[in-house]
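Just so you know, these numbers use all the heavy atoms, side chains as well, and skip hydrogens, waters and symmetry mates. Order of appearance sets the numbers: ligands from 1, and atoms from 1 within every ligand. All values derive from a computational prediction rather than experimental measurement.
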Amino acid sequence: MTRILSEILNQNELTKEDIVLLLNLNNPSDLSLLFEKARNIRDQYCGAKVFFRGLIEVSNICKKNCLYCGIRSGNKAVLRYDIPENEIIETAKTAWDNGLAAIVLQSGERTDKAYIDKITNILKAISSYTQKGMRVTLSLGEQKKDTYKSWKEAGADAYLLRIETSNPGLFRKIHPDNRFHRFENRLQALEHLKESGFQVGTGVMIGLPFQTIEDLADDLLFMQKIDVDMVGMGPYLEHQETPMFSIRNHLKSENERLLLTLKMYAVLRIIMKDINIASTTALEAISPDGRIQGIQAGANVVMPNITPVKYLGNYMIYHNKAVSKVEMTETLEKAKKSVEKSGFEPVLNVRGDSLHWIEKKRTF
Ligand code: 5AD
Ligand code: SF4
């Protein structure tokens, strides 16, 4: 295996069969080879650096009802919140004053005018306070193309919209069958984001019930095909108050999902060398050093949660989500220390735009 493996790892292009083989690796020496290859590529293209983004969970109100998600509209047990505009702007300003040059605004999906205008106002305020210096990523779901355009004009730089799974049949299984949850709409939204000039990110959940290794290989090839600039993907973790909780006996163990996620990061790094790959918080719900393991497998971005403490803890998309109710400076200090301890350089004060995107723009 080792000889074939090193041949595969040195190829310029990977086929679906190659990817399936890599995602199926289990023996420790093979896995070391895979992770080492991914790390070398990351170090060569991105340096041994980890970019920081402050994550603000703006609101947990969502009009959708995804069958896997703890904050789905059907879950009446959730205490809903919606951080006021001025508090979000203040949080972003504090982040900037603390040396953070990149943030992510994330929320459940809403498409009403008041909400769209609120986001626009926030973007304009951040843009003016930081003189366009801060990199703002949005993760606010499917919206009309005009909305994407107006948010881009108001100062947003990047947008993360996960496809969740590139298998339309599996997508159908994990979403209610109604007009709010259509695979084609998700694809179209990704296209609209690209046309609106965003650095575009997508991602999937790893270890979903009924998801095969072939599905995951297709997910990686999908990311390559639509030529994304960044990826945020993590393990699927069940949540008690969701319909999918009832089929939890179909899941791989949490440790298997963790390892599979690390393999997905490594293979993605090999096939898309200069993109930004986030080491997601969901890894930390499985293992306290999950995010560091993600970096060691080829990721180069972490997103410490800087949501104001009084709202923290209500954005429970899956069980055991790690939330540490401390103020922003402490959160950042802790995250910096853990990144340093693992031998990487934490980078807060630069935007950390996707090199892949910069290169694409340069060659156009
Ligand atoms: N486990 C893991 N990830 C989840 N998400 C939603 N619910 C879960 C869950 N139970 C992810 C989805 C979504 C993002 C906001 O959170 O991928 O796009
Ligand atoms: Fe809403 Fe996103 Fe959860 Fe679906 S995954 S219910 S869109 S917050």
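Under the 4.0 Å criterion applied to side-chain N and carboxylate O atoms, Glu85 and Lys118 are not assigned as salt-bridge partners. A salt bridge does not link Glu340 to Lys49: none of the charged side-chain nitrogens sits closer than 4.0 Å to a carboxylate oxygen. Ion pairing between a basic and an acidic side chain is recognised when a charged N comes within 4.0 Å of a carboxylate O; Lys273 and Glu359 show no such pairing. The pair Asp112-Lys63 does not meet the salt-bridge criterion, since no charged nitrogen lies less than 4.0 angstrom from a carboxylate oxygen. By the 4.0 Å N-to-carboxylate-O rule, Glu164 lies close enough to Arg186 to be salt-bridged with it. Residues Glu87 and Lys310 are paired through a salt bridge, judged by an N-O separation under 4.0 Å between the basic side chain and the carboxylate.
Contact annotation for atom 2 (Fe) of ligand 2: protein absent (non-hydrogen atoms, distance under 4.0 Å).
With values rounded to the nearest 0.5 angstrom, Met223 atom CE is found 9.0 Å from Met272 atom CE. Of the inter-residue distances, the one linking Ser150 atom OG with Gln143 atom CD reads 9.0 Å to the nearest 0.5 angstrom. For the atom pair Ile122 CD1 and Ile56 CD1, the distance stands at 8.5 Å (nearest 0.5 Å).
For Glu238, no nitrogen or oxygen atom sits less than 3.5 Å from a nitrogen or oxygen atom of ligand 1, counting backbone and side chain alike. Looking at Tyr236 next to ligand 1, no N or O pair under 3.5 Å apart turns up.
Within 6.0 Å of atom CD in Gln131, 12 or fewer heavy atoms from other residues, nucleotides or ligands are found, so the atom counts as exposed in its surroundings.
For atom 7 (N) of ligand 1, the closest non-hydrogen atom on the protein side is Tyr68 CD1, 3.3 Å. Annotation: atom 11 (C) of ligand 1 to nearest protein heavy atom, Arg162 NH1, 3.5 Å. Scanning all protein heavy atoms for the shortest distance to atom 2 (C) of ligand 1 gives Pro235 O, 3.3 Å. Regarding atom 15 (C) of ligand 1, its nearest protein heavy-atom neighbour is Gln106 NE2, 4.0 Å. What sits closest to atom 18 (O) of ligand 1 on the protein, heavy atoms only, is Glu164 OE2, 2.6 Å.
Nearest to atom 1 (N) of ligand 1 by heavy-atom distance, out of Ile163, Leu237, Ile317, is Leu237.
Of all the heavy atoms of Met205, the ones lying under 4.0 Å from any atom of ligand 1 belong exclusively to the side chain.
Stacking of Arg248 on the aromatic ring of Phe245 is recorded, both the 6.0 Å distance cut-off and the 45° axial limit being met. Relative to the ring axis of Phe210, Lys173 places its NZ or CZ within 45° and under 6.0 Å from the centre. Seen from the ring of Tyr129, Lys93 counts as a face-on cation partner, given the 6.0 Å and 45° thresholds.
Not a single heavy atom of Gly203 sits under 4.0 Å from any atom of ligand 1. Heavy atoms of His239 come nearer than 4.0 angstrom to ligand 1 in no pair at all.
Atom numbering of ligand 1 starts at 1 in the shown order; those under 4.0 Å from a heavy atom of Tyr318 are 1 (N), 2 (C), 9 (C), 10 (N). In the vicinity of Tyr68, heavy-atom distances shorter than 4.0 Å reach the ligand 2 atoms 5 (S).
Listing protein N, O or S atoms at distances below 2.8 Å from atom 1 (Fe) of ligand 2, with waters left out, gives Cys62 SG.
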